[in-house]
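All values below come from the heavy atoms of this structure, side chains included, with hydrogens, waters and symmetry mates left out. Nothing here was measured: the structure is a model prediction, and the numbers come from that model.
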Amino acid sequence: MITTKSAKETQSIAKQFAHTLKNRDVICFYGDLGAGKTTFIKSLIQELTDTSAEKVLSPTFVYLNSYEGQCPIHHFDLYRLENHEQFLSLGFDEFLHSGGIVCVEWPERIKELLPSQRIEVRISHTNNPSTREITINAQEPQRNIV
């Protein structure tokens, strides 16, 4: 577990983590509203692409934003999604297996569709409003991550 004491520290961890990722990685982000999932993902995307901070937006209302870098990065925010059937009906399942790096906020909405080989990032609040606890686990053996 990693403890960060500010958004800036969380962003730094995200940038380090970004350099451990490879094409076809699916990263599932778990945490309550306001835990810092989007902050983490924005820093990751900025680190791996030439996209400026102002252009990395949460896809809360459109479900998906994609960014070009050495490989594509697809950022899903599934907070408003009802279930995995809706995900399938929108044709989004092809992104889980088509290449690129896939970041999924609220992956519990599509747990039936998630690949077994994935990385899980759990971000949680602490008693201090600016402190976060971050746990990163790879579901594949021998994978070195932050």
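When hydrophobic clusters are built by joining Ile, Leu, Val, Met, Phe, Trp and Tyr residues whose side-chain heavy atoms come closer than 4.5 Å, directly or via intermediates, L64 is not grouped with L57. Residues W106 and I41 do not share a hydrophobic cluster, defined by chaining ILVMFWY side chains whose heavy atoms lie under 4.5 Å apart. Hydrophobic clustering of Ile, Leu, Val, Met, Phe, Trp and Tyr side chains at less than 4.5 Å, counting indirect connections, unites L21 with Y67. Taking hydrophobic clusters as Ile, Leu, Val, Met, Phe, Trp and Tyr residues chained together by side-chain heavy-atom distances below 4.5 Å, V56 does not share a cluster with Y79. Hydrophobic clustering (side-chain heavy atoms under 4.5 Å, transitive across Ile, Leu, Val, Met, Phe, Trp, Tyr) groups V121 together with I2.
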Test side chain to side chain contact (heavy atoms under 4.5 Å, CB included) applied to E133 and I123, step by step: CA-CA 6 Å; E133 291 179 342; I123 305 175; over 6 Å; no
Side chain to side chain contact (heavy atoms under 4.5 Å, CB included) evaluation trace for C28 with L114: CA-CA 9 Å; C28 298; L114 295 173; 3.8 Å; yes
From CA spacing to verdict: side chain to side chain contact (heavy atoms under 4.5 Å, CB included), H84, Q86: CA-CA 5 Å; H84 75 277; Q86 185 181 10; over 6 Å; no
Stepwise side chain to side chain contact (heavy atoms under 4.5 Å, CB included) check, Y30 with E108: CA-CA 8 Å; Y30 296 88; E108 46 278 76; 3.8 Å; yes
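Put simply, CZ on F76 and OG on S66 are 7.0 Å apart, with the number rounded to the nearest 0.5 Å. Distance check, rounded to the nearest 0.5 Å: CD of Q46 to CD1 of I73 gives 10.5 Å. In this structure, I13 CD1 and I134 CD1 are separated by 6.5 Å, a value rounded to the nearest 0.5 Å. Note that CE of M1 is 12.0 Å distant from CZ of R122, once rounded to the nearest 0.5 Å. With values rounded to the nearest 0.5 angstrom, Q117 atom CD is found 13.0 Å from R24 atom CZ. Note: T39 OG1 to K8 NZ = 13.5 Å, rounded to the nearest 0.5 Å.
The two residues K5 and E9 have their closest heavy-atom pair at N-OE1, 2.9 Å. Residues G34 and H125 share a closest heavy-atom pair of O-CE1, 3.2 Å. Residue H19 comes nearest to K15 through the heavy atom pair CD2-O, 3.1 Å, listed as atom of the first residue, atom of the second, then distance. For the pair P115 and V26, the tightest heavy-atom approach, listed with the atom from each and the gap, is CG-CG2, 3.8 Å. What you find for T20 and D25 is that their closest heavy atoms are O-OD2, 4.4 Å.
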Mind listing the side-chain donor-acceptor pairs of residues 90-103 below 3.5 Å, one per line with the distance, residues two or more places apart or on another chain?
residue, atom, partner, partner atom, Å
S98, OG, E94, O, 3.2

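Residues passing the ring pair (Phe, Tyr, Trp, His ring centres under 6.0 Å) test with F29, sequence neighbours excluded: F40. Every residue two or more places apart in sequence or in another chain was checked for a side chain to side chain donor-acceptor pair (under 3.5 Å) with S89, and none qualifies.
Seen from the ring of F61, R80 does not count as a face-on cation partner, given the 6.0 Å and 45° thresholds.
A 4.5 Å side-chain heavy-atom check between E120 and I136 finds every atom pair outside the cut-off.
No side-chain donor-acceptor contact under 3.5 Å links N128 and T126.
More than 12 heavy atoms of other shown residues, nucleotides or ligands fall within 6.0 angstrom of atom CD in E85. Counting non-hydrogen atoms of other residues, nucleotides and ligands closer than 6.0 Å to CG of D50 gives a total of 12 or fewer.
Checking each of L78, I27, D77, T60 against E105 for a side chain to side chain contact (heavy atoms under 4.5 Å, CB included) leaves exactly one that passes, namely D77.
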